[in-house]
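First up is the structure itself, then whatever we jot down about it.
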Amino acid sequence: MLALVTGASKGIGRAIALELARNNFDVAVNYNHSMEAAEALCNEIRQLNVKCEIFRADVSIQEEAAKMFGEIKASMGNISVLVNNAGITKDGLLLRMKPENWLAVINTNLNAAFYCTQLAIKDMSKARYGRIINISSVVGLIGNAGQCNYSASKAGIIGLTKSVAREYAGYGITANAIAPGFIDTGMTDILKQEVKESILKNIPVGRIGKPEEVARAVMFFADEKSAYITGQVLAVDGGMTMV
Ligand code: NAD
């Protein structure tokens, strides 16, 4: 079976691509800028005796996403598992938030997931099988000062997930979301030490999460045997958002 992971060259996407490969999935690795990192990942994946190819596309641009889906189909076949992982932050307090920073984050984190889901769903419907896994965030559940654009995009992706889950439940397609907490990647590296320390105080497990821990949860939803689980949001957050 073939899995596509968007924004897979580093961080959580990279760990997801590797975990899927370890579980015998062929992997289409999407990247936007980091071709060398994507190639290195692909070489690592091929060592696991599964197929892997890299595909450049800015998935926030529908035409680029569509072109990529055509290329994947031509060279690797139909996609069974789609992981909408590509994401960015452009933080700022509400009053100072520039419209272009609002739009850039919504385009990448939410609109791209819509484009890729729409592009994947036709073949999944025909095959009467599919797994769609969207990477949301705990801030899509609880909000975060300084991240109104990012939180809105990550809350939006939960609505998208649940609607797709309802619309395609009869086609053997599941759609689920993962809400990571504070995970050790380039996205969180840039935070100031005092910000990191104050976040840590709110994590019952008492540490930052690893990309591999998010990847495990993705693998759980990607499994054929998870057919009866759809429209769910699983927090991988060290207990940060438990109710
Ligand atoms: P990261 O910055 O290491 O990786 C993000 C990847 O997405 C990069 O490879 C980047 O090139 C790619 N990307 C961005 N825009 C793209 C586009 N338009 N087209 C194609 N690729 C694009 O960050 P990460 O922490 O690995 O983030 C992965 C996902 O996890 C994101 O959706 C992020 O919002 C989410 N997330 C991360 C955390 C965390 O604490 N790190 C927490 C919650 C959710």
Side-chain angles (χ1 to χ4, degrees), residues 4-19 28-42 54-69 72 82-91 101 103-116 119 133-144 147 149-158 160-161 177-191 195-196 199-200 202-203 205 207-215 217-218 233-238 240-241:
L4 164 63
V5 185
T6 68
S9 62
K10 56 186 178 181
I12 292 171
R14 184 178 202 284
I16 293 169
L18 279 166
E19 182 69 15
V29 165
N30 159 250
Y31 71 99
N32 190 12
H33 297 299
S34 329
M35 190 173 85
E36 274 178 27
E39 273 173 350
L41 169 64
C42 226
I54 62 170
F55 298 90
R56 201 214 67 80
D58 177 342
V59 286
S60 71
I61 299 171
Q62 201 278 343
E63 292 75 15
E64 290 199 18
K67 187 166 167 277
M68 174 182 73
F69 271 76
I72 295 173
L82 167 66
V83 185
N84 285 310
N85 166 78
I88 57 168
T89 51
K90 287 191 184 289
D91 297 351
N101 288 348
L103 285 174
V105 168
I106 300 291
N107 279 336
T108 302
N109 299 6
L110 180 58
N111 295 354
F114 160 66
Y115 302 145
C116 291
L119 288 161
I133 301 141
N134 294 325
I135 308 302
S136 176
S137 165
V138 289
V139 306
L141 298 168
I142 60 174
N144 195 21
Q147 287 198 309
N149 51 357
Y150 186 77
S151 308
S153 72
K154 294 299 186 180
I157 215 171
I158 291 173
L160 172 69
T161 304
I178 289 170
F182 187 35
I183 311 297
D184 188 13
T185 69
M187 191 174 272
T188 47
D189 257 5
I190 53 169
L191 296 175
V195 175
K196 286 188 186 175
I199 295 172
L200 269 176
N202 293 313
I203 305 175
V205 167
R207 64 169 175 84
I208 296 176
K210 299 177 198 145
E212 293 74 22
E213 291 171 314
V214 178
V218 171
V233 184
L234 178 61
V236 180
D237 66 353
M240 220 173 150
T241 56

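For clarity, every value in this text was computed on a predicted model and none was experimentally measured. FYI, side chains are in, hydrogens and waters are out, and symmetry mates aren't considered; it's all heavy atoms of this structure. For ligands, and for the atoms within them, numbers begin at 1 and follow the listed sequence. We number each residue from 1, following the sequence as shown.
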Non-hydrogen atom of E64 closer than 4.0 Å to ligand 1: no
Nearest-neighbour protein heavy atom for atom 5 (C) of ligand 1, which is reported as residue plus atom name and distance: G87 O, 3.7 Å
N/O separation below 3.5 Å, I183 to ligand 1: yes
Residue pair T108 / G87: nearest heavy atoms and the distance that separates them: CG2-CA, 4.1 Å
Contact check, side chains of R56 and N32, non-hydrogen atoms, under 4.5 Å: yes
Shortest non-hydrogen contact between S151 and V139, atoms and distance: CB-O, 3.5 Å
Distance filter under 4.0 Å to I135 heavy atoms, resulting ligand 1 atoms: 29 (C), 30 (O), 35 (C)
N109 N/O to ligand 1 N/O under 3.5 Å: no
Minimum-distance protein heavy atom relative to atom 19 (N) of ligand 1: V59 N, 3.1 Å
Rounded distance [0.5 Å steps], CD1 in I16 versus CD1 in I135: 4.0 Å
Ligand-side contact atoms (ligand 1) for residue partner A86, heavy atom cut-off under 4.0 Å: 7 (O), 13 (N), 16 (C), 21 (N), 22 (C), 32 (O)
Selected option - heavy-atom contact closest to atom 32 (O) of ligand 1, from V105, N85, V5, I178: N85
Whether H33 lies under 4.0 Å from ligand 1, heavy atom: no
M240 side, atom CE; L200 side, atom CG - distance, nearest 0.5 Å: 9.0 Å
Smallest separation among heavy atoms of T185 and P211, with atom names: CG2-CG, 4.0 Å
Chi angles and distances behind the side chain to side chain contact (heavy atoms under 4.5 Å, CB included) call for V5, V29: CA-CA 6 Å; V5 185; V29 165; over 6 Å; no
contact_flag T6 ligand 1 heavy-atom lt 4.0 Å: no
Ligand 1 N/O within reach of Y31 N/O, cut-off under 3.5 Å: no
Spatial distance of atom CG (L4) from atom CE (M68) [nearest 0.5 Å]: 5.0 Å
Contacting atoms of ligand 1, where contact means under 4.0 angstrom from a heavy atom of F182: 40 (O)
Within-4.5 Å side-chain heavy-atom neighbours: L41 and L18: yes
Inter-residue atom distance D58.CG - N107.CG, 0.5 Å rounding: 9.0 Å
For atom 43 (C) of ligand 1, the protein heavy atom that lies nearest, with its residue and separation: P180 O, 3.4 Å
Atom 11 (O) of ligand 1 - nearest protein heavy atom and its distance: K10 CE, 4.4 Å
Element-labelled atoms of ligand 1 that are located less than 4.0 Å from some non-hydrogen atom of M187: 23 (O), 25 (O), 27 (O), 33 (C), 34 (O), 37 (C)
For ligand 1, the portion of T185 having any non-hydrogen atom under 4.0 Å away: side chain
Value rounded to 0.5 Å, distance of CG in D184 from CD in E213: 10.5 Å
Selected option - heavy-atom contact closest to atom 3 (O) of ligand 1, from G7, S9, G11: G11
For D58, the ligand 1 atoms whose distance to one of its heavy atoms is below 4.0 Å: 17 (C), 18 (N), 19 (N)
Protein residue, atom and distance nearest to atom 15 (N) of ligand 1, heavy-atom basis: T108 CG2, 3.4 Å
Residue-ligand contact S136/ligand 1, heavy atom below 4.0 Å: yes
Atoms in ligand 1 with a heavy atom of N30 nearer than 4.0 Å: 20 (C), 21 (N)
N109 vs Y150 side-chain heavy atoms within contact, under 4.5 Å: yes
Side chain to side chain, T188 and K196, heavy atoms closer than 4.5 Å: no
Nitrogen or oxygen of Y150 less than 3.5 angstrom from that of ligand 1: yes
Per-atom contacts of ligand 1 with A57, taking only distances under 4.0 Å to non-hydrogen atoms: 19 (N), 20 (C)
Structural part of I12 in contact with ligand 1, heavy atom criterion under 4.0 angstrom: both
NZ (K67) with more than 12 external heavy atoms under 6.0 Å: no
Gap between atom CD1 of I72 and atom CG of N30 - 0.5 Å precision: 7.5 Å
Polar atom proximity, G181 to ligand 1 (N or O, under 3.5 Å): yes
Ligand-side contact atoms (ligand 1) for residue partner I88, heavy atom cut-off under 4.0 Å: 14 (C), 15 (N)
